[in-house]
Amino acid sequence: MNVFKGFRQQLLAVLGEMAGAGELPGGLDTSRVAVEPPREAAHGDVSTNAAMVLAGQAKANPRQLAPKIAERLKALPGVTGVEVAGPGFLNLRFTPEFWQAQIAVILRAGLAYGDSDAGGGLPVNVEYVSANPTGPLHAAHARGAVVGDALANLLEKAGFAVTREYYINDAGAQVDVLGRSAYLRYREALGESIGEIPAGLYPGEYLKEVGQVLAARDGRRWLEALESEWLPAVRDFAIDAIMVGIKEDLTALGVGIQVFSSERALVAAGAVRAAFDTLTARGLIYEGVLEPPKGKVPDDWEPRPQTLFRATQFGDDVDRPLRKSDGSWTYFANDIAYHLDKYRRGARVLIDVWGADHGGYIKRMQAATTAITEGGAALDVKICQLVHLMDNGVPVKMSKRAGTFVTLRDVIERVGADVVRFIMLTRRNDQTLEFDFAKVTEQSKDNPVFYVQYCHARCRSVLRHAGEPDAEMLAAEAPLDRLSSPEELELIRLLAGWPRLVEAAAEAHEAHRVAFFLYDLAAGFHALWNRGKDDTTLRFLVEGDPGLSRARLALVKAVATVIASGLRVIGVAPVEELRS
RNA sequence: GGCCCCAUAGCUCAGCCGGAUAGAGCACGCGCCUUCUAAGCGCGGGGUCGCAGGUUCGAGUCCUGCUGGGGUCGCCA
């Protein structure tokens with residue numbers, strides 16, 4: 001249970017009593033009443049703006065209303081003090097017993113601590129990675145993969161019904177290029193000298209193996225065939241081979257995508273046609289000529305009639321074409337059908353994780369989602385900014401043309417999946433991120449992965465020393481009232497903030513907050529640990545005082561539990577110890 | 001030129017649905033220290049939240065305009 005949410009319920013009950021007693025008018029709108037931890041410790045344990053928010057409705061002055069609410073709040077169990085401060089804030093303090101009891105709550109919940117029903121089982125579809133199946137995943141894909149996967153975990157913890165999905169763009173011209181590139185490697189595998197890979201085809205070495213396996217399977221069957229005959233077969237073979245590799249890479253990164261949707265299958269099933277007909281029936285399709293773009297007009301611009309979707313009716317800047325001049329669907333048209341498909345399969349919140357270069361596509365996709373689902377589903381798009389790969393401060397050069405890009409697999413093998421996952425969440429998704437091979441593996445305070453893992457390892461070390469006390473035993477028997485120092489109580493407050501953070505981060509669709517929370521929690525624990533250096537009575541295991549030791553063990557185990565619970569959301573395994 | 005994102009301490013970045021005296025790490029300065037786990041620890045200085053208006057009891061947060069950086073710009077996915 002979220003401490004703050006719980007208190008808010010009590011507060012609302014009090015306000016209800018006051019309405020009953022005639023101290024407040026009935027039917028108050030309490031939606032803006034907030035209960036939150038104050039930034040300043042001097043402002044107590046929780047703070048509420050209730051008096052300020054309700055003053056207008058009650059036709060009262062906040063400073064006059066606040067004391068009346070305060071009187072009743074003082075009577076609540078666990079509340080030790082209520083103050084009116086500033087423009088009308090109500091600052092409350094809870095008894096130490098209230099906070100100490102949270103330790104038992106954490107220990108009994110275990111890794112499930114922070115689980116919430118805030119999502120109410122609402123179906124959410126998170127689509128991420130969705131890299132073109134034309135080559136292996138490279139380093140840049142890691143960010144989207146982690147952001148999407150951690151967000152999915154977070155939403156699940158917050159009580160949403162999550163589907164993790166990957167959209168395979170296997171319908172466009174690019175996969176034909178893949179097919180031709182693979183065909184060349186196939187001929188090479190059968191002994192032909194193919195020379196330099198022509199411009200416009202994929203030069204990557206990874207296609208050699210595809211060509212060899214194809215040659216082994218089909219022999220010389222396609223050598224004399226027309227392209228119209230071999231292309232579909234070779235292309236599909238290559239796509240399947242590439243996707244096998246991509247799935248292996250995702251598994252290596254711990255990314256658990258459940259649904260892989262094929263764009264081509266969608267088109268073949270007539271889904272695009274159906275979506276198009278639906279939009280047409282709703283009067284949202286027309287043949288028209290777009291205005292030239294404002295400002296700089298492309299050299300080759302000329303007015304052309306096109307089949308357009310009325311995206312401007314749903315907040316986009318211009319209407320968008322759905323057909324190419326050869327009559328086939330645009331990528332956008334396919335994407336509309338795809339988003340409708342996700343909605344039809346039940347999703348009511350759609351989240352797409354895209355690269356920064358697709359930012360200009362957001363408005364139209366949101367417009368289309370609103371239109372095609374008639375407002376039944378909302379689309380949120382998370383844009384992932386660039387990752388700058390560095391090695392000890394030196395930028396790692398990558399060139400697709402020269403085939404020198406760093407693959408995701410390379411990165412994982414070099415630093416480990418856990419490090420990749422954690423570091424990718426140490427910035428907001430819309431900020432660029434620096435990934436330095438040297439720094440992310442260094443065992444120092446500068447490295448947040450290490451800092452958080454070290455916290456867990458220290459906890460585990462203490463618990464091992466103490467003979468692995470059982471969580472239930474600690475919850476039931478530890479004299480938690482002995483956790484009475486300001487530092488210990490402060491650490492408990494941090495721990496008790498985890499459920500609230502889960503809910504807030506899930507609502508905002510921001511998994512990076514989990515990484516920042518873990519860092520703060522680790523800092524709080526390390527500070528407490530360090531106090532034991534100078535003063536042995538502040539150590540967790542206190543010689544000759546088994547009761548105190550047991551209480552502190554309960555705290556340590558609670559810290560380890562919350563760290564592990566948070567790392568699980570990020571998809572990182574907590575470590576037992578650190579070795580160099 | 002249109003649209004989108006960004007701008008917070010010297011540097012890298014947090015900042016919740018608008019809330020009280022804007023935070024952390026690094027760097028810098030001073031002091032301490034040889035370890036229940038092995039990253040040393042503690043304290044301190046440092047801010048016109050890009051600029052100018054507006055809304056509000058209250059703005060880093062919302063709105064408008066401007067400046068600077070990035071992305072994108074009619075059938076590439």
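Residue numbering restarts at 1 for every chain, and letters A, B, ... go by the order of the sequence lines.
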* To do: For the side chain of His512(A), starting at C-beta, report the closest nucleotide among A39(B), G15(B), C41(B).
  => G15(B)
* Asked: Counting any heavy atom closer than 4.0 Å, what does Gly532(A) reach on the DNA or RNA strands: base, sugar-phosphate only, or nothing?
  -> nothing
* Asked: Under 4.0 angstrom, heavy atoms only, what part of the nucleic acid is Asp446(A) near: base, sugar-phosphate, or nothing?
  -> sugar-phosphate
* **Arg235(A) and Asp170(A) ion-paired at < 4.0 Å** => no
* Asked: Is Lys445(A) near enough to A24(B) that one of its side-chain N or O atoms lies under 4.0 angstrom from OP1 or OP2?
  -> no
* Asked: When the P atoms of C28(B) and C11(B) are considered, how many whole Å apart are they?
  -> 15 Å
* Please state whether the phosphate of G40(B), meaning OP1 or OP2, lies under 4.0 angstrom from any side-chain nitrogen or oxygen of His526(A). => no
* To do: Would you indicate whether Arg273(A), at its atom CZ, is surrounded by more than 12 heavy atoms from other residues, nucleotides or ligands within a distance under 6.0 Å?
  => yes
* Asked: Is there a Watson-Crick or G-U wobble partner for A22(B) with both distances under 3.5 Å, and which nucleotide is it?
  -> none
* To do: Scan every strand shown for a Watson-Crick or G-U wobble partner of G46(B), both distances under 3.5 Å, and answer none if you come up empty.
  => none
* Asked: Where the side chain of Lys324(A) is defined as all heavy atoms beyond and including C-beta, which of C57(B), U35(B), A77(B) is the nearest nucleotide?
  -> A77(B)
* Side chain of Thr441(A), backbone of Phe437(A): donor and acceptor closer than 3.5 Å? -> yes
* To do: Write down the distance between NE2 (His509(A)) and C1' (C17(B)), rounded to a whole number of angstrom.
  => 14 Å
* Asked: Among C13(B), A20(B), A77(B), which nucleotide sits nearest the side chain of Ser47(A)?
  -> A20(B)
* To do: Could you tell me whether Gln431(A) contacts a base, only the sugar-phosphate backbone, or nothing, with contacts defined as non-hydrogen atoms closer than 4.0 Å?
  => sugar-phosphate
* **Rounded C1' spacing from G10(B) to G45(B) in Å** => 13 Å
* **Base of C13(B) paired with side chain of Arg428(A) (donor-acceptor, under 3.5 Å)** => no
* Which is true for Glu302(A) with a 4.0 Å heavy-atom rule: it touches a base, it touches only sugar-phosphate, or it touches nothing? -> base
* Regarding Arg500(A) and the six-membered ring of Phe4(A), is the cationic atom NZ or CZ under 6.0 Å from the ring centre and inside 45° of its axis? -> yes
* Can you find a donor-acceptor pair, distance only, under 3.5 Å between Ser325(A) side chain and C75(B) base? -> yes
* Asked: Contact class for Trp529(A) vs. all strands (heavy atom < 4.0 Å): base, sugar-phosphate, or nothing?
  -> base
* Sugar-phosphate means primed atoms, P, OP1 and OP2; the rest is base. With that split, encode nucleotides 62-71 of chain B 5' to 3' as B, S or - using protein heavy atoms under 4.0 Å. => ---------S
* For A59(B), the Watson-Crick or wobble counterpart (both distances under 3.5 Å) -> none
* Would you indicate what Thr432(A) reaches in the nucleic acid, counting non-hydrogen atoms under 4.0 angstrom: base, sugar-phosphate, or nothing? => sugar-phosphate
* **First encountered from the 5' end of RNA chain B, between Asp326(A) and Thr48(A)** => Thr48(A)
* Asked: Looking for any heavy atom pair under 4.0 Å, which part of the strands does Ala173(A) touch: base, sugar-phosphate only, or nothing?
  -> sugar-phosphate
* Asked: Reckon Ser444(A) touches a base, only the sugar-phosphate, or nothing at all at heavy-atom distances under 4.0 Å?
  -> sugar-phosphate
* Asked: If we take the C1' atom in both G19(B) and G58(B), what is their distance in whole Å?
  -> 7 Å
* **Same-atom distance (C1') from A14(B) to G31(B), integer angstrom** => 29 Å
* From CA spacing to verdict: salt bridge (charged side-chain N to carboxylate O under 4.0 Å, His left out), Lys342(A), Glu165(A) -> CA-CA 10 Å; Lys342(A) 290 194 270 192; Glu165(A) 185 148 339; 5.8 Å; no
* Please state the C1' separation for the pair U8(B) and A77(B) - nearest whole angstrom. => 37 Å
* To do: Check every strand shown and say whether Arg513(A) touches a base, only sugar-phosphate, or nothing at a heavy-atom separation below 4.0 Å.
  => sugar-phosphate
* To do: Determine the contact category for Tyr519(A): base if any of its heavy atoms lies under 4.0 Å from a base atom, sugar-phosphate if only primed atoms, P, OP1 or OP2 are that close, otherwise nothing.
  => sugar-phosphate
* What nucleic acid atoms does His43(A) come within less than 4.0 Å of, heavy atoms only: base, sugar-phosphate, or nothing? -> base
* To do: Hey, can you tell me if His526(A) and Tyr451(A) have their rings parallel, tilted or perpendicular (30° and 60° cut-offs)?
  => tilted
* Nucleotide nearest Gln174(A) when distance is taken to its side chain, options A77(B), A39(B), G74(B) -> A77(B)
* Asked: Between Glu36(A) and Arg320(A), which has a closest nucleotide on RNA chain B that is more 5'?
  -> Glu36(A)
* So what does Pro321(A) hit on the nucleic acid, given a heavy-atom distance under 4.0 Å: a base, only sugar-phosphate, or nothing? -> sugar-phosphate
* To do: Classify the nucleic acid contact of Arg427(A) as base, sugar-phosphate or nothing, counting any heavy atom under 4.0 Å across all strands shown.
  => sugar-phosphate
* Structure fact -> Between the CG atom in Leu425(A) and the CG atom in Leu151(A), the distance rounded to the nearest 0.5 Å is 10.0 Å
* To do: Give none if A14(B) has no partner; otherwise give the nucleotide forming a Watson-Crick or G-U wobble pair with it, both distances under 3.5 Å.
  => none
* At under 4.0 Å between heavy atoms, what does Glu576(A) touch on the DNA or RNA strands: base, sugar-phosphate, or nothing? -> base
* **Phosphate-side-chain proximity, Arg458(A) and U37(B), N/O vs OP1/OP2 below 4.0 Å** => no
* Indicate yes or no: does Asp316(A) engage Arg320(A) in a salt bridge with an N to O separation below 4.0 Å. => yes
* Euclidean distance for C1', G18(B) against G60(B) (whole angstrom) -> 11 Å
* **Integer-rounded Å distance: A20(B) C1' and Arg63(A) CZ** => 12 Å
* Atom pair distance, as rounded to whole Å: CE in Met390(A) and P in U12(B) -> 12 Å
* Verify the contact: side-chain N or O of Lys363(A) to OP1 or OP2 of C4(B), cut-off strictly under 4.0 Å; return yes or no. => yes
* Are Arg323(A) and Phe276(A) in a cation-pi contact, defined as NZ or CZ under 6.0 Å from the six-membered ring centre and within 45° of the axis? -> yes
* **Side chain Asn91(A) and base A20(B) donor-acceptor under 3.5 Å** => yes
* **Gap between atoms CD1 and P, on Ile239(A) and A77(B) respectively (whole Å)** => 13 Å
* Take atom OH of Tyr361(A) and atom P of C75(B), then tell me their distance rounded to the nearest Å. => 9 Å
* Would you mind checking if Lys439(A) and Asp446(A) are paired as a salt bridge, meaning a charged N to carboxylate O distance below 4.0 Å? => no
* Would Phe89(A) count as stacked on A20(B) if the rule is ring centres under 5.5 Å and plane angle under 30°? -> yes
* Asked: Out of G19(B), C36(B), U37(B), which has the shortest distance to the side chain of Ser461(A)?
  -> U37(B)
* In Watson-Crick or G-U wobble terms, both distances under 3.5 Å, what is the partner of A39(B)? -> none
* Would you verify whether the NZ or CZ of Arg458(A) falls within 45 degrees of the ring axis of Phe525(A) while also being under 6.0 Å from that six-membered ring's centre? => no
* Asked: Can you check whether Arg32(A) has a side-chain N or O nearer than 4.0 Å to OP1 or OP2 of G19(B)?
  -> no
* Asked: Within a strict 4.5 Å, meaning less than it, do heavy atoms of the Glu263(A) and Leu266(A) side chains meet?
  -> no
* Mate of C51(B) where both pairing distances stay under 3.5 Å, Watson-Crick or G-U -> G65(B)
* Asked: When you compare G47(B) with C57(B), how far apart are their P atoms, in angstrom units rounded to a whole number?
  -> 32 Å
* Considering only the C1' atoms, how many Å lie between C13(B) and C75(B), rounded to the nearest integer? -> 42 Å
